[in-house]
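Numbering of residues begins at 1 and proceeds along the displayed sequence.
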Amino acid sequence: MGCEQSGWKRRPTRLVLIFVVVLFASCNPGVDSSFSPQIVIQGFLYANEPIDSIVIRQTIPITAVNENDRLSGAKITITTGDTTYQLIEDLSTGYRGRYIPTHSSSAIPIAWAGQTYSIRVEAIGQVATAQTTVPLAIHLDSVIIHGAKLSLTDTDIIHYPTTIDSLQLPGVFQYWSPSPGSAGYGLEAVSLAPNPANQIVDQVTQSLADSNSLGRYRFFINSTSEQVVWIQFTYYGLNAIRALALDQNYEDYVLGLYLSQSQFNNGTLHVTGGLGIFGSAARTVKYVDIE
């Protein structure tokens, strides 16, 4: 959810908090005197996986200089059915605004597939709420590159193309089971050991940009099979390729990113009393070593 654990928990692109204030300022010259911060939620649940964390921020004025947008002191609960989880701020990483569930070692809260979860955030004199229904779980059926099947359990070595022509060849195809009721599917390729020395520097990436890809993500997939294109990989070494079945909140969040490069789009928000994203997905993973 709030940070990288095994999927899109590192948040997928930082919330552009100042963006909404810029828009407001363009219409109201008195933004400095009338500005009022808003709660911004950044949270993702994954089917049948532990509830990891929620990141809470606040909007900041365009005139702010070196102001930290992360919000401490929030009261947060996540509820499903008759069960409510309290979240507390985790300062072990040195960053404010990251909240984790309180639990015993034998009762780690899980985001169960098919269940509906509601979040309530109280801070800065405001209350923000949102709700998501976790998509049904999916699993990999097969992974294919250049016509050859890869292992569904082991880490395979694959070679990054070395010429412009080969970069345009098909990438890694994944085939997964359906998740009835999900809003759509996505693919992600993310380095698990990013190191500047291993960065893939490709001068032709822009000319080969895929219309359905943005950074490490590939969007708008309606079928249960698709390829990860080469430009989604940014580092050599160990990478995770994930197929995701998205709920409507997550799908709309992605749509906002793709269309405007910002999460602040009135048609893509599902938070009442605030901004941001509280979405969910089911996912499956394939590990590859890029050489």
Side-chain angles (χ1 to χ4, degrees), residues 1-12 41-56 74-93 95 97-122 128-141 152-153 174 176-188 190 192 217 224 240-254 270-272 274 276-287:
M1 288 165 29
C3 65
E4 177 65 38
Q5 179 174 345
S6 60
W8 285 14
K9 292 175 182 172
R10 183 182 76 187
R11 260 336 60 172
I41 298 173
Q42 185 177 342
F44 299 86
L45 306 182
Y46 294 93
N48 304 332
E49 297 184 32
I51 297 176
D52 176 32
S53 63
I54 298 289
V55 172
I56 304 298
K75 297 180 181 179
I76 305 173
T77 58
I78 293 179
T79 301
T80 179
D82 296 329
T83 303
T84 296
Y85 300 107
Q86 302 284 340
L87 279 70
I88 59 173
E89 189 169 15
D90 174 26
L91 298 175
S92 63
T93 63
Y95 294 98
R98 179 178 182 267
Y99 297 81
I100 59 176
T102 58
H103 59 81
S104 65
S105 59
S106 60
I108 298 175
I110 302 296
W112 297 112
Q115 290 193 12
T116 298
Y117 291 79
S118 300
I119 188 171
R120 184 183 189 275
V121 179
E122 182 177 349
T129 61
Q131 181 174 284
T132 179
T133 298
V134 181
L136 299 180
I138 60 174
H139 63 265
L140 273 180
D141 291 326
L152 295 180
T153 57
Q174 292 212 112
W176 59 90
S177 62
S179 177
S182 62
Y185 300 96
L187 282 178
E188 173 192 42
V190 57
L192 298 183
Y217 308 112
T224 55
I241 303 174
R242 300 186 180 97
L244 300 104
L246 311 175
D247 83 320
Q248 193 62 61
N249 295 3
Y250 212 143
E251 177 87 346
D252 288 347
Y253 166 83
V254 166
H270 297 271
V271 175
T272 301
I277 169 69
F278 182 60
S280 58
R283 61 185 178 181
T284 184
V285 62
K286 163 63 184 171
Y287 297 103

Begin from the C-alpha positions of Tyr85 and Thr83 and carry the test side chain to side chain contact (heavy atoms under 4.5 Å, CB included) through to its verdict.
CA-CA 7 Å; Tyr85 300 107; Thr83 303; 3.7 Å; yes

Shortest non-hydrogen pair, Trp112 vs Val134, comes out as O-CB, 3.6 Å

Side-chain contact, heavy-atom cut-off 4.5 Å: Leu192 with Tyr287?
yes

Residues Thr284, His139; criterion side chain to side chain donor-acceptor pair (under 3.5 Å); working and verdict:
CA-CA 6 Å; Thr284 184; His139 63 265; over 6 Å; no

Distance in Å, Gln248 CD paired with Thr133 OG1, rounded so as to fall on 0.5 Å steps
11.0 Å

Quick check for you: to the nearest 0.5 Å, what is the distance between Asn249 atom CG and Ser280 atom OG?
7.0 Å

Is there side-chain contact between Tyr46 and Leu244, with at least one heavy-atom pair below 4.5 Å?
yes

Could you give the distance from OH (Tyr117) to OG1 (Thr84), rounded to the nearest 0.5 Å?
11.5 Å

Nearest heavy-atom neighbours spanning Ala282 and Pro135:
CB-O, 3.9 Å

Which heavy-atom pair separates Pro178 from Tyr185 by the least distance, and what is that distance?
CA-OH, 3.5 Å

Interatomic spacing from CD1 in Ile138 to OG in Ser177 - rounded to 0.5 Å
6.0 Å

Exactly one candidate in Asp141, Ile241, Val285, Thr224 meets side-chain contact (heavy atoms from CB on, under 4.5 Å) with Gln174; the answer is Ile241

I need the Leu45 CG to Tyr250 OH distance, nearest 0.5 Å.
10.5 Å

Yes or no on side chain to side chain contact (heavy atoms under 4.5 Å, CB included) for Arg120 and Thr79, after CA distance, side-chain angles and deciding distance?
CA-CA 8 Å; Arg120 184 183 189 275; Thr79 301; over 6 Å; no

Matching residue for Leu87 among Ile78, Ile100, Ile51 - test: side-chain contact (heavy atoms from CB on, under 4.5 Å)
Ile78

Can we say Arg283 and Glu188 salt-bridge, meaning some charged N sits less than 4.0 Å from an Asp/Glu carboxylate O?
no

Hey, what do you get for CD1 (Ile277) to CD1 (Ile54), rounding to the nearest 0.5 Å?
10.0 Å

Can you find a heavy atom in the side chain of Arg98 that is under 4.5 Å from one in the side chain of Asp90?
yes

I need the minimum non-hydrogen distance between Glu89 and Gly97, along with the two atoms involved.
OE2-N, 2.8 Å

Flag side-chain contact, heavy atom, 4.5 Å: Val271 against Thr129
no

Should Thr132 and Asp247 be marked as a side chain to side chain donor-acceptor pair (under 3.5 Å) after you check the CA-CA gap, both sets of side-chain angles, and the distance that decides it?
CA-CA 7 Å; Thr132 179; Asp247 83 320; 2.6 Å; yes

Can you name the nearest heavy-atom pair linking Gly184 to Glu251, along with the distance?
CA-OE1, 4.0 Å

Please enumerate all residues that pass side chain to side chain donor-acceptor pair (under 3.5 Å) together with Gln86, with sequence neighbours excluded.
none

Side chain to side chain donor-acceptor pair (under 3.5 Å) with Asn48: which residues, sequence neighbours excluded?
none

Would you call Leu246 and Tyr253 a side-chain contact if the rule is heavy atoms closer than 4.5 Å?
no

